[in-house]
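Inspection log for the structure reproduced underneath, given as structure tokens.
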Amino acid sequence: MNLTPVLRAEALKVFTLRSLCGTLLALAVVTTAFSALAGSSDASDPDFDPLFTALSGVMPGQIAAIAFGALVVSSEYQGNGIRLSLAAVPQRGRWFAAKLAVIAVPALLVGLATALAALLAARAGLGTAADGLTAGEQVRGVVGCGIYLMLMALFAAGLTTLFRSGVATLSTLIPFILVVSFVIGDAAGTAADFLPDKAGQIVLYRTHDGTPGLWTGLAVTALWAAAALLAGFWRLRRRDA
């Protein structure tokens with residue numbers, strides 16, 4: 001079977017399930033709302049970063065991106081739907097590629113639109129505190145935010161394929177991002193910048209002097225996502241449906 005009909009079938013699965021469309025809507029609403037609230041923060045703080053403040057809604061919003069990636073894959077394992085999918089598309093690599101495409105493209109597009117809306121909403125509250133931001137910095141923040149959300153969705157998809165369970169993925173990733181990442185960050189210092197979430201969020205800052213850099217942080221997150229996807233594909237190839 002050619003890739004095009006496989007892509008069409010996988011896209012139909014995504015856009016006909018309300019829960020999946022709901023996670024993308026939640027991503028947009030939560031990120032924009034929290035960024036708008038952050039727009040009222042105190043700009044006199046010496047650590048104040050107008051770009052990161054404007055895009056800080058991605059912190060809670062990324063949970064919806066993770067849920068989207070996990071649910072797209074885990075829906076296949078409900079009622080043994082994976083057997084029907086692989087019976088229709090015996091080439092598991094082709095099926096997995098199509099599945100990842102229908103996760104990556106919507107997550108990226110919604111992420112970009114959401115980042116732009118969040119930036120505009122926060123800037124309205126920040127007022128003159130954000131006047132120093134250049135057009136290049138804002139474009140980099142919006143694009144970087146969209147890519148970051150896509151990578152986190154793919155990271156979740158890879159883990160879900162590995163665990164064969166969306167619950168296991170969400171139970172692992174969400175506590176890690178909300179709790180463990182901060183605890184490790186406080187204890188490990190700069191080494192924490194190489195964790196999947198912290199590395200990718202570096203691009204949201206106006207400036208960053210450490211390692212990884214503004215764009216290389218996203219590369220670190222991409223490596224985490226690639227490792228999860230490779231592990232997931234390995235299990236998909238090795239285990240019966």
Side-chain angles (χ1 to χ4, degrees), residues 3-4 6-17 19-32 34-35 51-52 54-75 95-121 136-161 166 169 173 177 196-205 214-230 232-233:
L3 184 59
T4 300
V6 181
L7 280 170
R8 188 180 299 113
E10 294 302 322
L12 187 63
K13 292 178 186 177
V14 170
F15 295 114
T16 54
L17 287 176
S19 59
L20 297 180
C21 295
T23 57
L24 292 177
L25 178 61
L27 169 61
V29 172
V30 171
T31 302
T32 304
F34 274 84
S35 287
L51 184 61
F52 184 77
L55 296 173
S56 60
V58 74
M59 303 293 201
Q62 67 183 328
I63 295 174
I66 290 169
F68 175 68
L71 289 174
V72 170
V73 176
S74 66
S75 63
W95 175 82
F96 194 52
K99 181 67 72 176
L100 297 183
V102 300
I103 293 172
V105 174
L108 177 61
L109 294 178
V110 172
L112 290 172
T114 299
L116 178 59
L119 179 64
L120 295 175
E137 289 169 343
Q138 294 177 78
V139 169
R140 186 248 300 161
V142 168
V143 172
C145 186
I147 294 174
Y148 170 71
L149 290 170
M150 176 191 72
L151 290 174
M152 292 305 288
L154 289 174
F155 187 34
L159 290 181
T160 304
T161 310
T169 298
L173 270 185
I177 288 172
D197 57 325
K198 288 187 175 295
Q201 291 169 15
I202 291 174
V203 76
L204 306 181
Y205 286 88
L214 294 170
W215 285 111
T216 53
L218 277 178
V220 171
T221 303
L223 289 175
W224 279 94
L229 291 171
L230 287 173
F233 183 58

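Bear in mind the structure is a predicted one, so any value in this text is a computation, not a measurement.
- A 4.5 Å side-chain heavy-atom check between Tyr148 and Asp197 finds at least one atom pair inside the cut-off.
- Counting all heavy atoms, side chain and backbone alike, Leu7 lies closest to Ala98 at CD2-CA, 3.7 Å.
- Contact record, Gly61 with Leu27: O-CD1, 3.2 Å, taken as the closest heavy-atom pair.
- Using a 4.5 Å heavy-atom threshold, the side chains of Leu116 and Leu112 count as separate.
- Side-chain contact between Thr160 and Val72: absent, with no pair of heavy atoms (C-beta onward) separated by less than 4.5 Å.
- Separating the CG atom in Leu159 from the OG atom in Ser74 is a distance of 12.5 Å, to the nearest 0.5 Å.
- Counting heavy atoms from C-beta on, the side chains of Phe96 and Leu229 come closer than 4.5 Å.
- Here Lys13 pairs with Glu10 in a salt bridge; the nearest charged N to carboxylate O distance falls below 4.0 Å.
- One finds the OG1 atom of Thr31 at 9.5 Å from the CG atom of Leu55 (value rounded to the nearest 0.5 Å).
- With hydrogens and angles ignored, the 3.5 Å screen pairs no side-chain donor or acceptor of Thr161 with any backbone N or O of Gly232.
- Judged by distance alone, with hydrogens and angles left aside, the side-chain atoms of Ser35 form a donor-acceptor pair with the main-chain N or O of Ala54 at under 3.5 Å.
- Looking at Ile177 and Ile66, their side chains come closer than 4.5 Å, going by heavy atoms from C-beta outward.
- Leu149 approaches Gly111 most closely through the heavy-atom pair CD1-CA, 3.8 Å.
- The two residues Ala228 and Phe155 come nearest to each other via the heavy atoms CB-CD1, 3.4 Å.
- Take Ala121 and apply the side-chain contact (heavy atoms from CB on, under 4.5 Å) test, not counting sequence neighbours, and it matches Thr32, Ala36.
- Here the side chains of Thr4 and Arg8 are in contact, with some heavy-atom distance below 4.5 Å.
- Atoms CE and CD1, on Met150 and Ile103 in that order, are 11.5 Å from each other to the nearest 0.5 Å.
- No side-chain heavy atom of Leu24 sits under 4.5 Å from any side-chain heavy atom of Cys21.
- Annotation for Trp95: atom CH2 counts as buried by contact number, over 12 foreign heavy atoms lying within 6.0 Å.
- Within 6.0 Å of CZ on Phe52 lie more than 12 heavy atoms contributed by other residues, nucleotides or ligands.
- Residues Thr221 and Met152 share a closest heavy-atom pair of CG2-SD, 4.2 Å.
- Once rounded to the nearest 0.5 Å, the distance linking CG of Leu20 with OG of Ser75 reads 6.0 Å.
- Contact of the Val14 side chain with the Phe68 side chain is registered, since non-hydrogen atoms from C-beta on lie closer than 4.5 Å.
- In terms of heavy-atom proximity, Glu137 sits nearest to Leu51 at O-CD2, 3.6 Å.
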